[in-house]
Amino acid sequence: MRYWLMKSEPSTYGIDQLAAARRKTDHWDGIRNYQARNFMREMKVGDQAFFYHSNCAEPGVIGIVEIAREHYPDFTAFDPKSSYYDAKSSASNPRWYMVDVRFVRKMKGAILLSEIKQNPLLKELRLVRRGNRLSVMPVTAKEWKAIIRMEKR
DNA sequence: GCCAACGTTGGC
DNA sequence: GCCAACGTTGGC
């Protein structure tokens, strides 16, 4: 079982939308970065991931999700009307993939990026490494525990 | 809204 | 294969 961190802009898709989805499960579409895509292809059912709110007033880890379905073609790439459309991706030769995630729980309070940056145990977390804009990234078991321990009581 | 740090594209 | 131009991400 592996751990991950997945970013989403709450104005586009926040954790409450996932919690309200049918079976609390939804597909994670729109990944258009090869490194992020490759990480998604490594995900297995049952892996856990932090749901991270990015590009907002208080960026941070807002909850936990689990992988409910392993990677399959991102169909939004086939839809010319989608903002995620990519003419170079086709059903017969897909370039982009998505996974399904299931809502597990929200944190008692967001674990803010500003707090994560101050934790010496999280110095190596890709999220806080210089210039890292990956929207899907692996998290080690130690980092996972360190973030969980920062949860408010 | 600004802008640094990237990733991608395309001419050559 | 190089690299300038451009687009995007995302914190602030």
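Only a predicted model underlies this, so the values are computations on that prediction, with no experimental measurement involved. A, B, ... follow the sequence lines: proteins, then strands. Residue 1 opens every chain.
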When A/Arg133 and A/Asn55 are each assigned the nearest nucleotide of DNA chain B, the 5'-most assignment goes to A/Asn55
Closest to the A/Asn33 side chain, choosing from C/dG10, C/dG11, B/dG7: B/dG7
Is the A/His53 ring parallel, tilted or perpendicular to the A/Phe51 ring (thresholds 30°, 60°)? perpendicular
Tell me whether the rings of A/Tyr3 and A/Trp144 are parallel (<30°), tilted (30 to 60°) or perpendicular (>60°). parallel
By nearest atom, which of the nucleotides B/dT8, C/dG10, C/dT8 is closest to the A/Tyr34 side chain? B/dT8
Examine A/Arg37 relative to A/Phe39 and say whether NZ or CZ is less than 6.0 Å from the centre of the six-membered ring and inside a 45° cone about the ring axis. no
Look at the side-chain N and O atoms of A/Lys7 and state whether any lies under 4.0 Å from the OP1 or OP2 oxygen of C/dT9. no
Within residues 73-86 of chain A, find the residues that approach DNA chain C with a heavy atom at under 4.0 Å, and present them sorted by residue number. none
Examine the base of C/dT8 for any acceptor or donor lying under 3.5 Å from a partner atom in the side chain of A/Arg32, and report the outcome as yes or no. no
Picking from C/dG10, B/dT9, C/dG11, which would you name as closest to the side chain of A/Ser135? C/dG10
Any salt bridge (Lys or Arg N to Asp or Glu O under 4.0 Å) pairs touching residues 38-65 of chain A, not counting sequence neighbours? A/Arg2-A/Glu42
Rounded to whole angstrom units, what separation is found between the CZ atom of A/Arg129 and the C1' atom of C/dG10? 18 Å
Check DNA chain C against residues 108-121 of chain A and give the residues with a non-hydrogen atom under 4.0 Å, in numerical order. A/Leu113, A/Lys117
